[in-house]
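Scroll down for the structure; my scribbles are underneath it.
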Amino acid sequence: MSSLLPDTVNPATLMSKRFRPEQIPDLTGRVVLVTGGSAGIGYWDAAALAQRNATVHIVSANPDHGKDAEDDINAALKKSGSKGSVKWHQLDMMHLKKVDEWSKNFVKQIDRLDILIANAGIGQAPFGITDDGLERHFEVNNLAHYVIVLRLLDVLKKTAESAPPTSVRIVMQSSEMHRFAPNEKFSSKEEINQEADGVKLYGRTKLGLIVFSSELVRRKLSGLSQPILSISVHPGMVNTEVQKAWGESYGIVGDVIDRLSRFAGKSAEEGAEASLWAATSTDINANNWKEYQGKYYTEPYGKPDSETDQAKDQVVASNYWKLCADLTQELLGERLE
């Protein structure tokens, strides 16, 4: 009788299709990077991938959280007998030069990279400007990942030449919150730096990750001898520390939203399932990978093309790419595109 009962009582999970960690294939010899991997969804991405024998690198700004995550996951791996490992790297994604320097150094430390999960991000927190002079949600959630992905693209391509077909993948942790993005075009730095509330700022960055994924396919991943997949996903409504941002932005009303979303939402471990599916599922393979390339999914095994018209707008996607390239020229003295 007990085997017939669900393994969760979380409403958001019960309403979603599942991809459990035991469905991840053996990842012996594979190398993974998870940004924001020291807490929340990223932590469980890293833990699950390492449990399946991958070498996982995680980045985050907070050294206490980072070292604790590294130690906790590695202790669990040792106890289980897994051959996987986790290594934490400190990186403050609010400073683009630091992001760029880290990315260039990291690529020298590895000889392959099979999976990159762009997970790090600021939630529905209030508006703020970084030392680089950019709205902080955009710099961390979008521009920093733009630099990381482009700096690591060559090693991803090299890996794809010898890895199992279609196993090299880039996953963007987007969100259905992209539906709350302002009706903007990513047309300028001034547009990005206009003050707005936390939901709109967060939603805009999640829109950005969807168009980045599709534009990356169009500009960089088409015509490769061995494909690299780029997929964006929605993790679901998830109970993580990011939810605290509701209270920071909206006071008492935000606190109520925080409590309700935590009550009804998925656990962080369950929230990782969509990104783990996109990163590892062998149901996405050499026979059907083109059906998934550049697509956005709201759940594992979900239906593609459910994103907003704004997220499908080629003008928005082209503007996003140009804006990121322009800002790398301004902040790094080198145009990445």
Side-chain angles (χ1 to χ4, degrees), residues 31-43 45-46 55-71 86-111 113 115-123 125-156 170-173 186 189 192-193 201-202 204-206 208-209 212-213 216 220 241-242 245 320-337:
V31 177
V32 179
L33 172 63
V34 181
T35 66
S38 64
I41 293 171
Y43 175 97
D45 277 332
T55 298
V56 181
H57 298 268
I58 61 175
V59 299
S60 67
N62 187 307
D64 293 332
H65 291 170
K67 287 301 295 181
D68 285 350
E70 179 184 88
D71 292 344
V86 168
K87 181 179 180 180
W88 170 73
H89 304 254
Q90 186 172 17
L91 178 61
D92 183 351
M93 294 173 66
M94 285 196 190
H95 296 85
L96 201 66
K97 284 187 177 179
K98 292 182 180 179
V99 172
D100 191 45
E101 289 169 4
W102 180 86
S103 301
K104 290 188 287 188
N105 287 331
F106 178 65
V107 80
K108 295 175 183 177
Q109 300 170 24
I110 57 175
D111 58 8
L113 183 62
I115 297 167
L116 194 167
I117 301 180
N119 168 79
I122 297 174
F127 172 86
I129 296 290
T130 69
D131 290 343
D132 285 336
L134 292 175
E135 198 289 312
R136 61 177 181 166
H137 293 76
F138 179 80
E139 177 152 14
V140 173
N141 301 13
N142 293 138
L143 187 59
H145 283 122
Y146 177 89
V147 169
I148 290 171
V149 170
L150 292 192
R151 285 298 190 199
L152 300 182
L153 195 54
D154 282 346
V155 72
L156 287 160
I170 301 167
V171 179
M172 309 292 179
Q173 197 78 265
F186 294 108
K189 178 180 176 179
I192 291 299
N193 282 348
L201 296 172
Y202 178 73
R204 180 173 64 191
T205 66
K206 295 306 176 179
L209 289 174
F212 179 36
S213 178
L216 187 66
K220 295 292 186 179
E241 291 304 297
V242 171
Y320 177 89
W321 190 279
K322 181 180 183 300
L323 177 60
C324 289
D326 288 346
L327 290 171
T328 60
Q329 178 68 58
E330 176 184 333
L331 296 172
L332 303 177
E334 177 183 358
R335 189 176 184 84
L336 298 182
E337 62 180 339

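These values consider heavy atoms only, across backbone and side chains, with no hydrogens, waters or symmetry-generated copies.
- With Asn142 contributing its side chain and Gly208 its backbone, the two residues share no donor-acceptor pair below 3.5 Å.
- Residues passing the salt bridge (charged side-chain N to carboxylate O under 4.0 Å, His left out) test with Asp132, sequence neighbours excluded: none.
- A search for side chain to side chain donor-acceptor pair (under 3.5 Å) contacts involving Glu334 returns Arg151, not counting sequence neighbours.
- Considering only heavy atoms from C-beta on, Leu143 stays 4.5 Å or farther from Val99 through its side chain.
- Each of Ile122, Thr35, Asp92 was checked for a side-chain contact (heavy atoms from CB on, under 4.5 Å) with Val140, and the lone residue meeting it is Ile122.
- When all heavy atoms of Gly123 and His137 are compared, the closest pair comes out as O-NE2, 2.9 Å.
- Every residue meeting the salt bridge (charged side-chain N to carboxylate O under 4.0 Å, His left out) condition with Glu330, not counting sequence neighbours, appears here in chain and number order: Lys189.
- At least one side-chain heavy atom of Val149 sits under 4.5 Å from a side-chain heavy atom of Ile170.
- With sequence neighbours excluded, the residues that form a ring-ring contact (aromatic ring centres under 6.0 Å, His included) with His89 are His57, Trp102, Phe106.
- For Lys97, there are no salt bridge (charged side-chain N to carboxylate O under 4.0 Å, His left out) partners at least two apart in sequence or on another chain.
- Using a 4.5 Å cut-off on side-chain heavy atoms (C-beta onward), Ile129 and Arg136 make no contact.
- Applying the ring-ring contact (aromatic ring centres under 6.0 Å, His included) test to Phe212 and every residue at least two apart in sequence or in another chain returns Tyr146, Trp321.
- Between Glu70 and Lys67 there is a salt bridge, with a side-chain nitrogen of the basic residue lying less than 4.0 Å from a carboxylate oxygen of the acidic one.
- Rounded to the nearest 0.5 Å, atoms CD1 (Ile117) and NE2 (His145) are 10.5 Å apart.
- Looking at Asn119, its side chain never comes within 3.5 Å of a backbone N or O of Gln173 through a donor-acceptor pair.
- Residue Leu153 holds its CG atom at 13.5 Å from CD1 of Ile148, rounded to the nearest 0.5 Å.
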Using the rule given for side chain to side chain donor-acceptor pair (under 3.5 Å), can you reason through Asp68 versus His65, listing the C-alpha separation, both sets of side-chain angles and the distance that settles it, and then say yes or no? CA-CA 5 Å; Asp68 285 350; His65 291 170; over 6 Å; no

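- Considering every non-hydrogen atom in both Ala120 and Gly36, the closest pair reads CB-N, 3.5 Å.
- Residues Trp88 and Ser60 share a closest heavy-atom pair of NE1-OG, 2.8 Å.
- Listed by chain and residue number, nothing satisfies the side chain to side chain donor-acceptor pair (under 3.5 Å) test with Asn62 (two or more places apart in sequence, or in another chain).
- The two residues Phe138 and Cys324 come nearest to each other via the heavy atoms CZ-SG, 4.1 Å.
- Gln329 pairs by the side chain to side chain donor-acceptor pair (under 3.5 Å) definition with nothing, not counting sequence neighbours.
- Judged as a side chain to side chain contact (heavy atoms under 4.5 Å, CB included), and not counting sequence neighbours, the contacts of Val155 are Val107, Ile110, Leu113, Leu152, Thr159.
- Contacts of Thr130 classified as side chain to side chain donor-acceptor pair (under 3.5 Å), with partners at least two apart in sequence or in another chain: Glu139.
- Note: His95 NE2 to Leu134 CG = 11.5 Å, rounded to the nearest 0.5 Å.
- Side-chain contact between Lys322 and Glu337 is absent, with no heavy-atom pair separated by less than 4.5 Å.
- With sequence neighbours left out, the side chain to side chain contact (heavy atoms under 4.5 Å, CB included) criterion links Ala69 to Ser38, Tyr43, Ile58.
- Of all the heavy atoms in Asn141 and Leu209, the pair that sits closest is O-CD2, 3.5 Å.
- Between Leu216 and Leu150 there is a side-chain heavy-atom pair separated by less than 4.5 Å.
- Annotation: salt bridge (charged side-chain N to carboxylate O under 4.0 Å, His left out) contacts of Lys104 (sequence neighbours excluded): Asp100.
- The shortest side-chain heavy-atom distance between Val147 and Leu96 falls under the 4.5 Å cut-off.
- Between the side chain of Arg204 and the backbone N or O of Phe186, no donor-acceptor pair lies under 3.5 Å.
- Heavy-atom minimum distance, Gln90 versus Ala61: NE2-O, 3.1 Å.
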